[in-house]
Amino acid sequence: MEIKKHAPWRAAITREGKTRYVKLLGGASQADEVVAFGVALSVGDKVRFVSGPRTLGYADLTKDECESVDDDNEILVQREGVYDLHLDTSHFGRERVSLLTPNEHSEELKKNQLSVARRMAMKKGKDITLTVLHNLLIAALVFFWLIPIFWLLLVSFTKDAGPFTLYHFFPEEWTGENYIKILTDVNEVNQFPRWFLNTLIVAVCSTIVSALFVLSTAFAFSRFQFKKKKGFMNISMVIALFPGMLTMFVSYSLFQYVFHIDAGLVRLIIAYSAGAGLGYLVAKGFFDTIPTEIDEAAKIDGASKARIFFQILVPLSKPIIVYTIITAFMSPWVDFVFAKIILGPSTDMIGSYTVAIGLLSLVADTDGALQWFGAYIAGSVLVAVPLSVLFIIFQRYYVGGVTGGAVKG
């Protein structure tokens, strides 16, 4: 068995039924030995070498190297004295154990071994320090990131919570009234269930359309060969660099004055879905990792392009599909500015609000803030629940989609 330098070998010394362990230094000698220096042994002591749960088998010990060897592969000491314990692995890869009397050479070797041990200890200490500092930094970042979320949750359970009454981090009086109020006290000001449903409809519909656009575009660029393919890819990448917010006023004008689409939710579904195909690059990178031989085999069997896509590539692409769905769902679910502009005059009708617009309308003025602040916070917590559950359920697929799509592009 090959033993690496600085391997964690120990000498187990058994005396009168009690076993003590001596740490072995390693890797300083030309023979690649692990050594314990100046070990006091008495007659009858049994010595064996262990590495973790494994006990060393002494296959080639000789009488010149130890007092005697019993049937259990242990050195039985017959002369009292101070010894250097050597474990030598240089003899054709086999293990040899020696009990040697200390001399000048062993003293020099001991200094070398201790020097190596000190350097190793310093390196290990440095590594531990860097690891601790790294973990502390991550913990600090996580702490400061979680504090606002934790505070939001606490405020949602605070009785009579208001923007000017939060003098304590933890609630003085706990209550669930804020959740009951936002869900049941439906009137001309609060229509949270309707807002939630509106947002869910927009998010689900735009997610379905966006996912189809993204995956079909990625499939086309990954599997088809056509003229100006590289040019189209470059143009789409350049266009995708511009933020979607730049188009919100133009989009509003198109909906209002050109296409005359008055339904606010339809506007939002179209607005969120129309440019989704430009985000095809990650999905294309994932499709590129799937061997084209699968497509060729399906073509031989008479499969069409559509059948190859839906019955072969889609079942093999769960991670990228989940990634596409989650990213497509997030924008309409949490967006405020884009939705506010696109809805236009529809925002005069409270029933057409999305949840972000509706919640802000509750605290848009001082009176509303004083009356609805606790319910507003509770609504914010409820809005975060579906997205959080979605991430938790599909986390492993989401990470797989990101890393898989980053392999090729």
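Just the heavy atoms: all of them, side chains too, but no hydrogens, waters or symmetry mates, feed the values below.
- For the pair R223 and K284, the minimum side-chain heavy-atom distance is 4.5 Å or more.
- Here the straight-line distance linking atom OG1 of T217 with atom CG of L278 works out to 8.0 Å at 0.5 Å rounding.
- Other residues, nucleotides and ligands contribute at most 12 non-hydrogen atoms within 6.0 Å of the CD atom of E16.
- Put simply, the side chain of N135 gets close to the backbone of T131: a donor and an acceptor are under 3.5 Å apart.
- More than 12 heavy atoms of other residues, nucleotides or ligands lie within 6.0 Å of CZ in F336, so this atom counts as buried by the packing criterion.
- In terms of heavy-atom proximity, A298 sits nearest to I308 at CB-CG1, 3.9 Å.
- Between the side chains of Y376 and N178, no donor N or O sits under 3.5 Å from an acceptor N or O.
- A203 approaches S206 most closely through the heavy-atom pair O-OG, 3.2 Å.
- Rounded to the nearest 0.5 Å, atoms CZ (F287) and OG1 (T289) are 9.0 Å apart.
- Between the side chains of Y272 and S331, no donor-acceptor pair is found at a separation under 3.5 Å.
- Open room surrounds CH2 on W145; 12 or fewer heavy atoms of other groups in view lie less than 6.0 Å from it.
- Between V39 and D84, every side-chain heavy-atom pair lies at or beyond the 4.5 Å cut-off.
- Atoms CD1 and CD, from I342 and Q256 in turn, are 10.5 Å apart once rounded to the nearest 0.5 Å.
- The distance from the CZ atom of F213 to the OG atom of S210 is 7.5 Å, given to the nearest 0.5 Å.
- Under the 4.5 Å side-chain criterion, counting only non-hydrogen atoms from C-beta, S317 is in contact with I320.
- The minimum heavy-atom distance linking V381 with L153 is given by the pair CG1-CD1, 4.0 Å.
- Taking every heavy atom of both residues into account, F373 and V363 meet most closely at CA-CG1, 4.2 Å.
- Taking CG of L254 as the start and NE2 of H260 as the end, the distance is 11.0 Å to the nearest 0.5 Å.
- A donor-acceptor pair is defined here as one N or O able to donate and one able to accept, closer than 3.5 Å; no such pair exists between the side chain of S222 and the backbone of F219.
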Steps toward side-chain contact (heavy atoms from CB on, under 4.5 Å) verdict (I13, L41): CA-CA 8 Å; I13 302 171; L41 299 175; 3.8 Å; yes

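- A donor-acceptor pair under 3.5 Å is formed between the side chain of D45 and the backbone N or O of S42.
- Checked by atom type and distance alone, the side chain of S273 never pairs as donor or acceptor with a backbone atom of I270 at under 3.5 Å.
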Stepwise side-chain contact (heavy atoms from CB on, under 4.5 Å) test for V47 and V77: CA-CA 8 Å; V47 182; V77 180; 4.2 Å; yes

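- In this structure, K46 NZ and R15 CZ are separated by 14.0 Å, a value rounded to the nearest 0.5 Å.
- The closest side-chain heavy-atom distance from D262 to R267 is below 4.5 Å.
- Taking all atoms of both residues into account, the shortest heavy-atom contact from P193 to L183 is CG-O, 3.6 Å.
- Checked against the 6.0 Å centroid threshold, F196 and W333 count as a close aromatic pair.
- At least one donor-acceptor pair under 3.5 Å links the side chain of N187 to the backbone N or O of V189.
- F232 places a side-chain heavy atom less than 4.5 Å from the side chain of F221.
- With a 6.0 Å radius and a threshold of 12 heavy atoms from other residues, nucleotides or ligands, F224 has its CZ atom above the threshold.
- Inter-residue side-chain proximity for M233 and Y280 is flagged as met; some heavy-atom pair is nearer than 4.5 Å.
- Open room surrounds NZ on K318; 12 or fewer heavy atoms of other groups in view lie less than 6.0 Å from it.
- Classification of the F157-W174 ring pair by plane angle, with boundaries at 30° and 60°, yields tilted.
- You'll find the side chain of V186 stays beyond 4.5 Å of the side chain of F192, heavy atoms only.
- Residues S216 and F309 approach most closely at N-CZ, 4.2 Å, considering heavy atoms.
- D295 and K299 are not joined by a salt bridge, as no carboxylate oxygen comes within less than 4.0 angstrom of a charged side-chain nitrogen.
- N198 and T354 are not linked by any side-chain donor-acceptor pair at a separation below 3.5 angstrom, with hydrogens and angles left out of the test.
- Atom CZ of F226 has more than 12 neighbouring heavy atoms from other residues, nucleotides or ligands inside a 6.0 Å radius.
- Using a 4.5 Å heavy-atom threshold, the side chains of S380 and L152 count as touching.
- A donor atom on one side chain and an acceptor atom on the other are found under 3.5 Å apart for S156 and Y179.
- There is a side-chain donor-acceptor pair under 3.5 Å between T14 and T19.
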